[in-house]
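Here's the structure, in structure tokens; my notes come after.
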Amino acid sequence: MTPALWTPAYVALGSNLDDPALQVRRAFAELRQLTSSRLIAHSSLYQSAPLGPQDQPAFVNAMVGLLTQLSALDLLAQLQAIERRMGRETPILRWGPRLIDLDVVMYGDMRSDKSELQLPHPGLMQRNFVAAPLAEIAPHLILPQGLTAAMLARQLGLEGLQRLRDDVSA
């Protein structure tokens with residue numbers, strides 16, 4: 001029997017409803033329970049302005065690093081199940097308010113342009129609220145275009161981001 005391989009995966013978290021910091025911390029706890037997976041790192045929480053419509057609350061964002069034996073699509077299905085358990089509803093507006101959002105940002109060195117899962121995540125190279133927490137937990141991770149996560153975070157800067165003080169252990 002061949003042992004299942006462990007693949008590194010990075011998942012972005014975001015929330016802007018019902019105490020967003022608490023929702024992200026709840027998601028950390030849910031991610032620790034993923035089958036065939038190990039949560040190996042999580043970032044600090046970052047507050048950011050909404051990407052889409054500006055007449056909504058600020059977001060709280062974070063990143064986790066996982067080692068998983070799940071396929072990329074199985075990981076996505078597990079993340080969507082967590083979102084549903086936590087009470088996420090389909091947003092009325094694109095980039096509108098949400099209780100929790102879990103996105104696979106990278107899955108090993110996999111590239112995918114499938115409609116159900118694009119890898120690396122198409123917003124990775126433009127969004128500082130993804131790059132900063134990723135650089136915090138995996139600064140030497142090689143990203144598309146040959147940049148490291150730390151290089152991308154420096155390039156995008158921290159404008160509009162506020163690192164939140166950790167009052168409660170995640």
Side-chain angles (χ1 to χ4, degrees), residues 1-46 48 51 59-91 94-125 127 129-144 148-149 152-153 164 166-170:
M1 178 185 285
T2 304
L5 296 177
W6 291 90
T7 302
Y10 296 90
V11 175
L13 297 82
S15 173
N16 73 338
L17 297 175
D18 277 352
D19 190 349
L22 176 64
Q23 299 305 328
V24 170
R25 288 185 182 104
R26 284 183 58 217
F28 285 158
E30 290 280 342
L31 290 165
R32 282 188 189 90
Q33 304 303 313
L34 273 177
T35 59
S36 302
S37 301
R38 303 284 182 268
L39 190 147
I40 57 170
H42 70 76
S43 72
S44 301
L45 306 183
Y46 292 80
S48 65
L51 182 63
F59 274 82
V60 171
N61 302 99
M63 182 72 63
V64 299
L66 303 169
L67 287 177
T68 186
Q69 295 176 322
L70 298 170
S71 71
L73 288 175
D74 287 343
L75 176 59
L76 176 64
Q78 294 272 334
L79 297 178
Q80 291 170 339
I82 289 171
E83 290 175 336
R84 286 189 300 276
R85 274 196 311 275
M86 289 184 64
R88 177 178 171 164
E89 297 176 7
T90 303
R94 182 174 189 203
W95 296 325
R98 58 199 66 210
L99 186 65
I100 192 66
D101 189 31
L102 303 174
D103 289 324
V104 181
V105 173
M106 291 188 69
Y107 179 90
D109 59 3
M110 184 177 181
R111 304 281 186 257
S112 173
D113 284 325
K114 295 179 181 175
S115 60
E116 64 271 14
L117 182 60
Q118 295 179 332
L119 290 169
H121 190 282
L124 169 62
M125 302 303 287
R127 298 177 182 166
F129 60 86
V130 175
L134 179 59
E136 183 183 328
I137 64 170
H140 303 293
L141 179 67
I142 304 295
L143 305 177
T148 66
L152 177 63
L164 300 178
D166 272 336
D167 290 330
V168 178
S169 173

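All residue numbers refer to positions in the sequence shown, counting from 1. Note that the coordinates shown come from a computational prediction; the quantities given were computed from them, not determined experimentally. Because only heavy atoms are used, hydrogens play no part in the values below, and waters and symmetry mates are left out as well, while side chains stay in.
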key: Arg85, CZ: over 12 other non-hydrogen atoms inside 6.0 angstrom   = yes
ask   = Under a 4.5 Å cut-off applied to non-hydrogen side-chain atoms, are Tyr107 and Leu70 in contact?
value = no
Heavy-atom pair of closest approach, residues Ala132 and Tyr46 = O-OH, 4.1 Å
request  = Might you point out which heavy atoms bring His140 and Thr148 nearest each other, and give the distance in Å?
outcome  = O-CG2, 4.1 Å
message = Please give me the minimum heavy-atom distance between Ile137 and Val64, naming the atom from each residue.
response = CD1-C, 3.6 Å
key: Leu119 CG to Leu73 CG distance, which is reported to the nearest 0.5 Å   = 8.5 Å
task = Show the numbers, then the answer: is there a side-chain contact (heavy atoms from CB on, under 4.5 Å) between Gln33 and Ile82?
result = CA-CA 10 Å; Gln33 304 303 313; Ile82 289 171; over 6 Å; no
ask   = From Leu45 CG over to Met63 CE, what is the distance, rounded to the nearest 0.5 angstrom?
value = 12.5 Å
task = To the nearest 0.5 angstrom, please state how far the NE2 atom of His42 sits from the CG atom of Leu66.
result = 12.0 Å
request  = Starting from the C-alpha separation in whole Å, work towards a yes-or-no answer on side-chain contact (heavy atoms from CB on, under 4.5 Å) for Ile142 and Asp109.
outcome  = CA-CA 9 Å; Ile142 304 295; Asp109 59 3; over 6 Å; no
query = Mind checking whether His121 and Val130 have side chains closer than 4.5 Å, heavy atoms only?
reply = no
remark   = CG (Leu31) and CZ (Arg38) are apart, to the nearest 0.5 Å, by 13.5 Å
ask   = Considering all heavy atoms of both residues, which atom of Ala62 and which atom of Ser44 are nearest to each other, and what is their separation?
value = CB-O, 3.7 Å
task = Can you tell me which residue pairs pass the side chain to side chain donor-acceptor pair (under 3.5 Å) test with a partner in residues 14-24, sequence neighbours excluded?
result = Asn16-Gln56, Gln23-Arg26
ask   = How about Asp74 and Thr68: do any of their side-chain heavy atoms sit closer than 4.5 Å?
value = no
Results of side chain to side chain contact (heavy atoms under 4.5 Å, CB included) for Ala138 - residues two or more places apart only = Tyr10, Leu134, Leu141
query = Who pairs with Ala27 by side chain to side chain contact (heavy atoms under 4.5 Å, CB included), at least two apart in sequence or on another chain?
reply = Leu13, Met86, Ile100, Leu102
query = If we only count heavy atoms from C-beta on, is the Val24 to Asn61 side-chain gap below 4.5 Å?
reply = no
remark   = d(Arg111 CZ, Met106 CE) to nearest 0.5 Å is 6.0 Å
task = Could you tell me which non-hydrogen atom of Ala153 sits nearest to which non-hydrogen atom of Ala131, and how far apart they are?
result = CB-O, 3.9 Å
message = If I compare all heavy atoms of Leu124 with all of Pro144, which pair ends up nearest, and what's the gap?
response = CD2-CD, 4.1 Å
ask   = Does Ser36 use its side chain to pair, donor to acceptor, with the backbone of Gln69 at less than 3.5 Å?
value = no
